[in-house]
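One structure below.
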Amino acid sequence: MEFQAIVELVKNKFPQTEIEFEKNLVIAKDDLIPFVEFIRNTPELHIDVLDLLTAADHPAENQIHMVYGFHSYRLAHYLIVKVKLDRKNPSIATLTHWWESANWTEREVYDLMGVNFEGHPDQRRILTPPDFVGHGLRKDYERPGFFVKKPDFK
Amino acid sequence: MSHDTQIKKEPSNLSSKQFRTDSPLIDQIPGRKRQILRESPESELKMEEFLLNVGPQHPSTHGVLRLVVALEGEVIKRCDPDLGYLHRTFEKISESRSYQQIVPFTDRMDYLGSMNANWGVAVAVEKLAKIEVPERAEYLRVIVSELNRIASHLMWMGAFGADIGAVTAFLYGFRERELILDMFEEICGSRLTYGYIRVGGVAEDITPKFDKLVREFLDILPAKLEDYHNLITGNPIFLERTRGVGAITLEEAISYGVTGPMLKACGMPWDLRKEEPYSVYPKFDFDIPVYYNGDCFDRFRVRMDEMVESAKIVIQALDGLPEGDYKVKKLARNIKPPVGDVYVRQEAPRGEYGVYMESDGSTKPNRVKYRTPSFSNLSILPLMTVGWKIADLVAILGSVDIVLGDVDR
Amino acid sequence: MEILLFGIIGVVVLFSVIALNALILVYMERKVSAWMQSRLGPNRVGPFGLFQTTADIVKLILKENIRNDQSDKVIYFLAPILAFVAPFAAFVTVPIANTIGIRDLDMGAVYIFALGSSVIFSIIWAGYGSNSRYALIGAMRSAAQMVSYEVPMITAVLGVFLIAGSLSMREIVTMQANQTWFIVYQPLGFILFLIAGTAEANRAPFDLPEAESELVAGFHTEYTGLKFAFFFLGEYAAMLVSCCLIVLLFLGGWLVPFVDNSIIPAWIHITVFMIKVYLMIFLMMWFRWTFPRMRVDHLMGFGWKVLLPLAFINLVATGAVVLILK
Amino acid sequence: MEIGIYHYLVLSFILFAIGMVGVMVRRSVILMLISIEILFNSINLTAVAFNRFLYPEQVTGQVFVIFIMTVAAAEAAVGLAIVMSVYKNFKNLEIGGLNTLKN
Amino acid sequence: MNPTYYELAWLIPALPLFSFIFTVLFTQKYRDLTAFISVAVVVASFYLSIRVTMEMLAGAGSAQMLNIQWIPLGKALNVSVGVFLDPLSVMMLIVVTTVTMLVHIYSLGYMKHEDGKSRFFSYLSLFTFSMLGLVLSDNMLQMFIFWELVGLCSYLLIGYYYTKKTAADAAKKAFSVTRAGDLGFFMAVVICWGYFGTFNFAEIQTLYGETTEFLARIFPFLIFFGAMGKSGQFPLHIWLPDAMEGPTPVSALIHAATMVVAGIFLVARAIMIFAQTPDTMLWVAYIGGFTALFSATIAVAQHDIKRILAFSTLSQLGYMMLALGIGGSIGLSNTSNGHAGSDLALMGQTAGTFHLFTHAFFKALLFLGAGSVIHAMHTNNIWEMGGLKSKMKITVWTFIIGTIALSGIPPFAGFWSKDEILALCMEVGTVHGYILFGVALAGAFLTAFYMFRLCLVAFWGKTPASAHPHESEFSMTFPLIVLATLSVFAGLIGNHDIAHTLNITSYAAFLNPEWNHEAVFHLSIAGISVLVAGLGIVSAFVLYAKRPAEWTSEAHDPLRAKLGKLYTHLENKWYIDEVWSWILNNILFRIAAGCAWFDRHIVDGSVDLVGFMTTRFGLVLQPVQSGKLQNYILVVFVGLLFVLGFLYMKVPGILAQMIQ
Amino acid sequence: MGHAVAFYVFGILAVALALATILHKNIFKSATFMAGMLFCLAALFITLDAEFLAVVQVLVYIGAITMLIVFAIMLTTRINDETRQKFNSQLWISSLATLGFLSLIISVVLRGGWGGVVTESGSLPPDMLGAIGTALLSDFILAFDVVSILLLVALIGALHIAKQDDRKLYVQESFVDDESSAVKNHVKETEEMHV
């Protein structure tokens, strides 16, 4: 399905949607869950899989961009959707109830970017040790000079 | 092939196109249902849970993976992977390097499929900066990446054999992989971390010796594969250990974002080289192996068949190699792409490899995300292993074909 | 006193023979596996790497003995000794030629099985004493495996005893000299005994107790140095016992086929015996480097559902035939 | 001193007494089973000793010992199966806790 | 003469048993393999039986082969398991193996597309085994075991289509009704043990003559009760027509050669015991005669092709019983009409079993033919058939041969055997003989009538538009041809003169070689019987020969108008089923309810009372029981210690004496 | 002389090991001690000229029965739990009673006396093994059969008891041959998921 047609379809339903770089959809934070339900259930979109879930830090705009990549095996199209979050207290609904793949990817984003996923069943650090301080992929993350604490492997 | 005689032959090599035109694709697939009776109601009367720490130092975790396994007798009740032992913050480092400098990190991520890993980054940068790559370079990229796929699967086959106790297969897999490594050594001087595919083309042109090596190798490959099938596939113990073991359904696989051979083993004829063709893949004739049971054995068969298909591509590409430059002649030392982002997806040996790259207009990317196949493929492990024996854990883990560098990045 | 002296000499000789054999076997295993895997194998230490195993032994002896903090000292210490002593003691009744052998017991075969069953204890001790979960699982598996496979093994060999009418090794071989090798009468028994014997010696594809891909090294995960060497030695001694048993019971022991054995000198008998034993060992190595490892439930199922019924069928059929021929 | 039947009998009685105490006082069911094995073995020793010293030309005592061993094996198998079953149901192997027989 | 095949006689039943075990265990998945094994095994059994027969004909005589001590209880009882070969059992062997073999072959075609083919053939093998075992039994206990096995097999096979309710019900009915008869047999077995201490027929025969105990005297009656159940004699015949719910080959097997003739065989085997009590024999004769006539009347007004055949079977079984009974009704020591009682008994045995022999062939033929027809028409109702004679030539003409044979037209098999029975009735010369002669004659008339009614209605006329009948395949027609041949010629050996002419052993001489009487043949009696049968055929032709096309259901039966209300009675089988269900509902169930009441209130009540008392008493003693095992051990141990210590103190030396 | 030494060494060892068995806190070690005691008894059997029994003792008792017990221990208890009480409340009374019993029976036996009967130098059967086999299959054939049946019953019973409340933790698989039903199921499930 052509991108333009998708945009029209989505805009009908979610008027707040914006377009970025002529290929990405940017939706409002509160629209995420309805949007996910919409793209999963609409036959014209038929999204099957949450392929990409990551976040990018934009300190200049004081935002953290959540980046979602949705993919449809049936219709073979790809949709990149962004959600812009407040950098101070980033928080967004979890997608684990729709896709199991969101589980680990959200944990990773939580670990490295510090985004809180509301309703995530198991929000732990995944790549860094449990006692790690800070979130590594933030632009303002500063490396501590040395390990302060002995990691407690349990 | 010998292994087909024992197993009901499903329709393989289905062109995925034929599914898409008529109706939604997944609905068409003759699927396979599984019921997991995880625990019966009276489960409060149970034996003591026995926690076993598999890894991070363990012969079969393929690196530094730690699995916390709750056992009941020999049966796995829970399996909780603990990642991050090989986390080397490549995404963070990439943000502080110029675009060309990113490429070598990807070598260290998926160290068994370095060529493919390089390629994704190169394409991402090329797309961001709108660089046109000469056709010869594309052909060379296809050749080396497919060779790398063969090498990776050979290595995997050996390791999988070793995982279920057939140590000899391990050595056999390595023996043939060695030939491919020789070829790579010939063109880029390196045997593991190549950095061969670069922004704007490839590092060096191929040599006649490389051509000769490749052709020789492709000549002997079918016979060698036959050998492997004789050694492994026909063995009843192997079949017992793999058939039906760690089976997942297509729905589960899709929900967990599983890609690559694991997805093909579940019955989905999905391959980015066919479905969203990139580079010069549309010019080649090859098939996508598909099997339907989603178990270890089907994953094995998919990979074995993929090697044959890759060999087909390589020989076609080598025969049709156009003359011309192997790289963009004039490339800025510091590329400054315009503001924007790009997401590139490619079919790596382990599955879908994606590079998400954001440019803020400077010489360094603002954000690079590697969507690695091993990470999402590993995420289904807890589901796959429940109810199986501890020995199956190793087989299942082996069948996932993880590279810890790829998981932890 | 003379008996005592003779016994001591015998034990010393036996020990050195077994130790030497183990050295050779380790070297052989590495060479065989290398040969099967199209590589060279040990080739640096000494000519053709002949001293590689010696060097390894030296290394093992010199290595530090590490003991797990929480392990049970006494049991941890005793396990490798028993593991070696039991198969070692089993050699007492193994005759290697018509007149050569330490002692011929009336119930020689049963004695060997009894000692074989006490090896299980060493493994259990190792598993319990190491205070390691891998070791514990390995020990449990091993115990279950050996208990299970002992039953078909003994049942399979009962056919031979029925035909021979004796439990003494020497008499069994003498019977084979008079008639023919028992493998001819007992082909099924031979196959069953070979399989069960491989399992008893914890060799691939039945090497679950030490399945390195799952359990690191099974029951001897936590052992280092000399203690580990003892386990190693014990394993090879057990394999040797198994193969000696197979040769004695089924393959005519030291007998040379197609000739009158009464005129053949003892050293030829010994050589023939050793050749046969080494052929069987080679067969076991071949198994090891060809087959994948079985899963534990398949293994138990195989033992109880396939081997045991077959062994019983073999026994009953043999008994019936012996009865009829009488 | 010549070793006669009394030596063996006294040894056997001592073992029997030890086994008896074990059966009666240990709290663990498995230990009870172990003690019962000791009891069996003391009887075995008696049987063999009688056989050897009173009627050496017969093998009745030894045959009896074989039967006792068989019975002991059966007993161990069933007993331990019961132990497993009990453990699954009560999470406890202390005989004192297992007084549901009372009800 | 070296009777080598006698040695192998045990293989005859053992082979089907082997086939059953093997197919059940190993080849359930492979339908064709199972069928092949079963058929091959039965063919082997057949071959062995033939060889055994040939040896017997060559003069090997009766023999007890393979005598295995089974329950050696010393003087009290010795039960052996063995194979007993005498002319009677060898004759049965031939009948059973021939018919089962042909049925097996037939089933290859008939059951071709059934899902449960493996199961079917396994059961067939078991059935064959049971019947052969029954025939070869050398004592009553062994026979009883096989007897029950036959019952079980019939249950399994009748209920083959177990998803169909009627089939399941029929199976249950067959099982329970025959079981009622088996009760008699079982009592006979028990009496045997109790009074005679042996199960051997010959020994029983002698001992029976000496006994005067009442229970022992009714022993033959009890055996006959068992035979009644199995052979479907009135009033225990009700299971047999319902047994048609099984697959047709099974019906053929049950009706021709196996199950139902078991009763006849039993009585024939025990004929000399029976003959010592003429009263019982008279009972047998009258019940047989009544069944013969009674079932024939019912058969006249039936519409289901298999049911007609079933009632015909009942009728013919009645004939056999009649023959057996009337022959022995004089008593061994008496004479009548110039014949010694024992001779008459043997004549009865000869006539009855000879009818069994011939009947097996043509009845199997008729059933298999009916199966072929049903296979082609997909209906059982004769009124929905028609015009088959041009479409299914082999089936129809073989069927007609069977019909003629059954009707008793010379020189077909049925004529000779039936005639022998009629002649026997006259030979006996008592009033009962004459009465039964009349009964038999009436039966013969009806038989001819209903059989030709069946043929005319089903095969003549026009084919219904909806059906497309076609000839069955070779595996189904082949048995028909073989059986038709046998139906034509098998009877010839019954006549002494013809046998003599052909230079073969006549049946009577075969059955009782040392007995020099021959079966009687009176031309006048033969003439009467042929006349009567011809009358039946003619009346059938009068009524049905011109079957108009519009007669498509049983309502159009011209006989209905002729017989009026009687027809309805016949159609409803004289309401015997209803009578039985009334008896069950109103008598048996009430008795059962009374028993239940007694059990619930008196028996349970007393038990409850004891329980109540015990609880009360237990409450007093409760504190003693701690529930702790070790406590009990300690108490017992200390108690023992006290006893021993007391003895030790008070009675010095007693312990030492005790343990010595 | 040798006989006496062997008797005293193994006898005292056996008693010590038996005491250790019932007194040791650690059940696993108890089982190990029991194995040692059984081994000592095997040695005592040899002093009584019952070599076959000795071997069978090792094979059956140590190799099988003790193994079973060790298995049960490992599968059930926490071996190293030091907090539990070893003995129940009837320790002393039981010990006293047993001591009384011991003294009683020893005094009885010693006083009773087989002095006249003891034939120290009776002749052993030349072929002990054969004699045992013959006895087993002739005089004791009934007992032999009964014991075989007992073993079988025990085996089945043990399996049944240990198996009876086994939880159903396994993966059930079924291949769906019918494509349409698979598709239908999938569609249904996805719909449910969306709702």
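In what follows, chains carry the letters A, B, and so on, assigned in the order in which the sequence lines appear, proteins first and then strands, with residues in each chain numbered from 1.
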*Count the heavy atoms belonging to other residues, nucleotides or ligands that lie under 6.0 Å from CZ of D:F40, then report whether that count exceeds 12.*
yes

*Heavy-atom count around F:L96 CG within 6.0 Å, excluding the residue itself: above 12?*
yes

_Between CE on residue D:M24 and OG on residue F:S95, distance to nearest 0.5 Å_ = 7.5 Å

_Most chain F-contacting option - heavy-atom pairs closer than 4.5 Å, from D:S42, D:A49, D:S35, D:A74_ = D:A74

*Is there a side-chain contact between D:V25 and F:W92 (heavy atoms, below 4.5 Å)?*
no

*Output the option from F:L44, F:V60, F:L99 having the highest count of non-hydrogen pairs under 4.5 Å with chain D.*
F:L44

*asked:* Is the shortest side-chain heavy-atom distance between F:F144 and D:V63 below 4.5 Å?
replied: no

*Could you tell me which portion of F:L38 (side chain, backbone, both or neither) has an atom closer than 4.5 angstrom to a non-hydrogen atom of chain D?*
side chain

_From F:L23 atom CG to D:L31 atom CG, the distance as rounded to the nearest 0.5 Å_ = 9.5 Å

*Taking all non-hydrogen atoms of both residues, which atom of D:M69 and which atom of F:I65 are closest, and how far apart?*
O-CD1, 4.4 Å

*At a heavy-atom separation under 4.5 Å, does F:L53 approach chain D through its side chain, its backbone, both, or neither?*
both

_Would you compute the distance between atom CG of F:L48 and atom CG of D:L45 and round it to the nearest 0.5 angstrom?_
6.5 Å

*asked:* Side chains of F:Y61 and D:N44, heavy atoms from C-beta outward: is any pair under 4.5 Å?
replied: yes

_Distance (rounded to the nearest 0.5 Å) between F:L104 CG and D:F13 CZ_ = 10.5 Å

*Say you draw a straight line from OG1 of F:T98 to CE of D:M20; how long is it, rounded to the nearest 0.5 Å?*
7.0 Å

_Do F:T21 and D:I18 make a side-chain contact, defined as non-hydrogen atoms from C-beta onward lying under 4.5 Å apart?_
no

*List the steps, then state whether side chain to side chain contact (heavy atoms under 4.5 Å, CB included) holds for D:V71 with F:L150.*
CA-CA 8 Å; D:V71 173; F:L150 173 82; 3.9 Å; yes

*D:L15 and F:A14: which non-hydrogen atoms are nearest, and at how many Å?*
CD2-O, 4.0 Å

*Atom pair OH (D:Y8) and OG1 (F:T47), whose distance is rounded to the nearest 0.5 Å*: 2.5 Å

*Measure up the F:F101 and D:F16 rings against each other and bin them: parallel (under 30°), tilted (30 to 60°), perpendicular (over 60°).*
tilted

*Kindly indicate whether the side chain of D:I34, heavy atoms from C-beta on, has any atom under 4.5 Å from the side chain of F:F33.*
no

_Choice from D:V65, D:L11, D:V23, D:N41 maximising heavy atom contacts with chain F below 4.5 Å_ = D:N41

*Which word best sums up how the rings of F:F140 and D:F67 line up, parallel for under 30°, tilted for 30 to 60°, or perpendicular for over 60°?*
perpendicular

_Close side-chain approach of D:E37 to F:I69, heavy-atom, < 4.5 Å_ = yes

